[in-house]
Amino acid sequence: MRRKTGLFLAEGANSVAAALDTGRIEELFFSSRAAEREHELVAGAAAQRVRTTLVSDRAAEMLGETVTPPGLIAVCRQVDVPLREIVDASPRMLAVPVEIADPGNAGTLIRVADAVGADGVVLAGDSVDPHNGKCVRACAGSLFHVPVARARDIEATLTALEEAGIAILATTAKGEVDLDDADEILRGPVAWLFGNEAHGLDKAIAARATHRVRIPIHGRAESLNLAAAAAICLYASSRVQHAE
């Protein structure tokens, strides 16, 4: 349905407010309870000439996907942009999850990318739809703040990044560069590759990267999950770039 209509649902005050700020809402459904809690948000949508529709609590529950529906659901235009649009904007920091499968992880990564001031997120390969309801909720509004591209051809994606002069950094447990020693690399434009939750980053893709970076682990944990690794690496990049 999302693919045919070019529309998706965003629910809850954070997501609806972010969608409203970026002018992406087609219609807003709200329950009477939600109208009491979020009066200014509903009024703001009406002021922007967004079609607003009062629905019953039962209807709001059916539209929502959460266990405790917020009663505030927006029909929004999809947000993804072409990869070329992100690359041509001379980005300094990109997050490139490769074949990310879990919508919650994808949403968390997009939220982290937004928090650190990344210039975009590229979902490479056979990745989850960023407009998936669970992903939208995990983004907590960040889906509307940071450019997101979907690029199924991984090889073409890496080539486009290379041709734009962006260093490709693969996160691997056996990388030759320690994250603590990577400040010089992080001062330039970088694109962080993060592997699939179950299988990690394909060896051929890691070998294609400009550098392979490892996160130092001083305790007994064997590894970090995708969201944790992405947060650590992106914040490391942000620290270096914002120190200049």
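All heavy atoms count here, side chains included; hydrogens, waters and symmetry mates do not.
Under the 3.5 Å distance criterion, the side-chain polar atoms of T22 are matched with a main-chain donor or acceptor of A19. A distance-only check finds a donor-acceptor pair linking the side chain of D119 to the backbone of R92 [under 3.5 Å]. No donor-acceptor pair closer than 3.5 Å links the side chain of R49 to the backbone N or O of A46. A distance-only check finds no donor-acceptor pair linking the side chain of S238 to the backbone of L234 [under 3.5 Å].
Rounded to the nearest 0.5 Å, atoms CG (L9) and CD (E27) are 10.5 Å apart. Interatomic distance, F30 CZ to T53 OG1, rounded to the nearest 0.5 Å: 7.5 Å. To the nearest 0.5 Å, the span separating CD1 on I168 from CZ on R212 amounts to 10.5 Å.
Electrostatic pairing of R33 and E36 does not count as a salt bridge here, judged by no charged N lying under 4.0 Å from a carboxylate O.
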Show me the donor-acceptor pairs, under 3.5 Å and distance only, between side chains in residues 121-128 and residues at least two apart or in other chains.
from : atom 1 : to   : atom 2 : distance (Å)
S127 : OG     : E99  : N      : 3.3
S127 : OG     : I100 : N      : 3.4
S127 : OG     : A124 : O      : 2.8

Table please: side-chain donor-acceptor pairs of residues 135-145 below 3.5 Å, with sequence neighbours left out.
from : atom 1 : to   : atom 2 : distance (Å)
R137 : NH1    : E65  : OE1    : 3.1
R137 : NH1    : G133 : O      : 3.3
S142 : OG     : D114 : OD2    : 2.6
S142 : OG     : C139 : O      : 3.4
H145 : ND1    : D114 : OD2    : 2.9

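Within a 6.0 Å sphere centred on CD of E176, heavy atoms belonging to other residues, nucleotides or ligands number more than 12.
For the side chain to side chain contact (heavy atoms under 4.5 Å, CB included) with V148, the qualifying choice from V81, I110, I86 is I110, the only one to do so. Under the side chain to side chain contact (heavy atoms under 4.5 Å, CB included) rule, L193 has a single partner from T171, L169, I205, L94, which is I205.
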V112 vs Y235, test: side-chain contact (heavy atoms from CB on, under 4.5 Å). Steps then yes/no. CA-CA 8 Å; V112 170; Y235 269 101; 4.2 Å; yes
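Between A191 and I166, the closest heavy-atom pair is N-CG2, 3.5 Å. When all heavy atoms are compared, the tightest approach of D178 to V213 is C-CG1, 4.5 Å.
Counting only N and O atoms by type, the side chains of S31 and R37 include no donor and acceptor under 3.5 Å apart. With no hydrogens or angles considered, a side-chain donor-acceptor pair links S237 and W192 at under 3.5 Å.
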